[in-house]
Amino acid sequence: MQPPTTAPLHLAAGLRLPTNGLDYAILAIYFAVVLGIGFAARRSVRTSLDFFLSGRSLPAWITGLAFISANLAATEILGMAANSAQYGAYTVHWYWIGAIPAMVFLGLVMMPFYYGSKVRSVPEFLLLRFDRPAHLLSSILFAFAAILIAGVNLYALAIVVEALLGWPQWVAIVVAGFFVLAYITLGGLSSAIYNEVLQFFVILAALIPIVVLSLKKAGGWDGLTSRLTEQHGANFTTAWGGTGIGDANPLGANWLTIVLGLGFVLSFGYWTTNFAEVQRALSAKNLSAARRTPLIAAFPKIFIVFLVMIPGLAAAALVPGFGTADSGLQYNDAIPYLMQELLPNGVLGIAVTGLLAAFMAGMAANVSSFNTVFTNDIWAKYVVRQREDAYYVRFGRLITAIGVVASIGTAFLASSFSNIMSYLQTLFSFFNVPMFVVFIVGMFWRRASMKSGFWGLLAGTTAAMVNYFVLYKQDIVHIPSDQGANFVSAIAGFAAGAVVMVAVSLFTEPKPEEELRGLVYGTRSPGLAEPPAPGDEAWYRRPALLGWGAVVLAALCYVPFSF
């Protein structure tokens, strides 16, 4: 999931698609394959490790594609296209600043801690590094956030299906929830991951025809940029135009808040501590595969921005005043509008299937991470302890069903928000950023005490909420937009968490040095085998080379949008 777009996700009533039997047949085949994967994966589930982490047996290319697919929810597809229609080429920041560096950091720096410590979840790492209060608080916050975010995906799916196919919202919510419940309950994380790999290719099959046909209709890249420059000004096709400190721009953010708020705090907070993503890497067969997982995902992430940005730019170029009342279309209508205008039957069915696949991927990632955290980090450690392994597999299936039902409830809660994209980003600033500061201080500062984890997490969450609900919403501090407010909330949460952790550590005892092995930078887990000597692995197996290659490619991609 990317940081926010700001257009409300309500589609125009006139966007009903001319679907026929062929389109519905493609949709039915997809759902049958999804359930088939669930039944096939069920045979491999024998232990709780199989159910929650695929037995740590998957190759890097599988986990890498699942990693990116879990993030590529349809809220991102529709939202980032809307972002492009409204703001233009600024959208690249959410990918090349707001994703790639953090993904590389996760692979190169943080995965050895996660995988080497043999934890089953991100909150469990806090139990090893700090203490039980920090672990319990982080588990509760993550489980709560996962259900809220899964509900957002369900609600967004319902809006799209109602507008495009005419299904009532409640029918779309229940049907999608049932299929996600079925394949996760049957096959656990393996089923979710293999379905996410399938969904990745289905999503690409849906987006690529839209990009090609919309670009052709707009007159190619030159025709597209000339139309947009004429309608919206020169900055619309640049990444940094108008972002100087003190300059006004639609984002309500300058280069400093973009780099610090989005590029560092929100981005690193999401990609390095969000268990819905990290869980895919933890299911890899060894440390090398785990480190390569986010690095492999970083390469398609660099180019996915074009698949979501070009349709938004094309919609803005083809329809004068797109997103305004005069056009009859909202920014979120960009991709549905192009689907209606450009795609023939058959291809239309693939596009609809791709959107549904994207929604289900986003929901499944959050539900599978929720059942792992709730079962292992809350139930097994604080409620029913030391039971046989089969009990926790059964409970994991039960809590999956409860999680899906709860997601359906939070889907209707999300309907009360006019802007669910900003709602999502607000959740990230509340939950992911405070966890990130606790992780980063704990991993790089040995003196951080056991008590500092809990108080840092509590202070960071509180500061982010106070900034958003009190300072911004009560207009005590003027911030031009929800987008800018989320950036500032993230910075406030990070700063407050770090300050409180340092203060508490100075007055409390640190964790014994021997208990920090494999948990703090510069130490090594006693159970982890020594890595190969430099140069012993093939170039495509070297995480550092893959990671820096992704960064260089992202930097090169920035060139056309920098001026």
Side-chain angles (χ1 to χ4, degrees), residues 1-8 79 83 90 93-94 97-98 102 134 137-138 140-142 144-146 148-149 152 243 245-274 413-414 416-441 452-504:
M1 188 68 58
Q2 297 299 341
T5 62
T6 58
N83 205 45
Y90 288 119
H93 294 312
W94 276 265
I97 284 182
L137 178 59
S138 65
I140 292 172
L141 290 176
F142 178 82
F144 186 63
L148 289 174
I149 296 170
V152 172
T243 59
I245 295 177
D247 293 346
N249 65 72
L251 284 176
N254 56 50
W255 69 267
L256 185 62
T257 54
I258 290 172
V259 171
L260 291 182
L262 171 62
F264 176 59
V265 181
L266 282 170
S267 171
F268 278 66
Y270 176 80
W271 289 102
T272 65
T273 66
N274 184 24
L413 173 65
S416 64
F417 289 83
S418 62
N419 186 339
I420 64 171
M421 295 300 177
S422 289
Y423 170 51
L424 273 176
Q425 190 57 37
T426 302
L427 294 179
F428 295 152
S429 68
F430 292 169
F431 299 117
N432 291 95
V433 169
M435 195 174 295
F436 170 62
V437 69
V438 172
F439 269 87
I440 208 70
V441 172
S452 67
F454 172 83
W455 291 108
L457 187 58
L458 184 62
T461 303
T462 302
M465 290 183 173
V466 167
N467 178 78
Y468 188 83
F469 290 116
V470 179
L471 300 182
Y472 169 60
K473 286 297 186 180
Q474 303 302 319
D475 204 27
I476 296 174
V477 175
H478 177 69
I479 304 174
S481 66
D482 286 347
Q483 183 117 306
N486 287 326
F487 292 171
V488 175
S489 294
I491 295 171
F494 183 89
V499 169
V500 168
M501 286 190 72
V502 171
V504 171

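Being a predicted model, the structure only gives us computed values, none of them experimental.
- Among residues two or more places apart in sequence or in another chain, the side chain to side chain donor-acceptor pair (under 3.5 Å) test is passed with Asn467 by Ser489.
- Across Val437 and Met501, no two heavy atoms sit closer than the pair O-SD, 3.9 Å.
- The closest donor-acceptor contact from the side chain of Ser267 to the backbone of Gly98 lies under 3.5 Å.
- A search for side chain to side chain contact (heavy atoms under 4.5 Å, CB included) contacts involving Val502 returns Trp445, Leu506, not counting sequence neighbours.
- The ring pair (Phe, Tyr, Trp, His ring centres under 6.0 Å) search around Phe144 returns none, not counting sequence neighbours.
- With sequence neighbours left out, the ring pair (Phe, Tyr, Trp, His ring centres under 6.0 Å) criterion links Phe494 to Phe264, Phe436.
- Between Phe430 and Tyr468, the angle of the ring planes goes over 60°, which puts this pair in the perpendicular group of the 30/60° scheme.
- One distance of note links CG of Asn274 with CG of Asn432; it measures 5.0 Å at 0.5 Å rounding.
- With sequence neighbours left out, the side chain to side chain contact (heavy atoms under 4.5 Å, CB included) criterion links Val504 to Ser449, Lys451, Ser452, Trp455, Val500, Thr508.
- Shown here are the side chain to side chain contact (heavy atoms under 4.5 Å, CB included) partners of Ala463, two or more places apart in sequence or in another chain: Ala496.
- For the atom pair CZ of Phe431 and CE of Met465, the computed distance is 5.0 Å after rounding to the nearest 0.5 Å.
- Summarising the geometry of Pro434 relative to Ser429, their closest heavy-atom pair is CD-O, 3.5 Å, with the distance given to 0.1 Å.
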Next item on the list: Using the side chain to side chain contact (heavy atoms under 4.5 Å, CB included) rule, take Trp94 and Asn83 through it: C-alpha gap first, then chi angles, then the decisive distance, then the call.
Entry: CA-CA 10 Å; Trp94 276 265; Asn83 205 45; 3.4 Å; yes
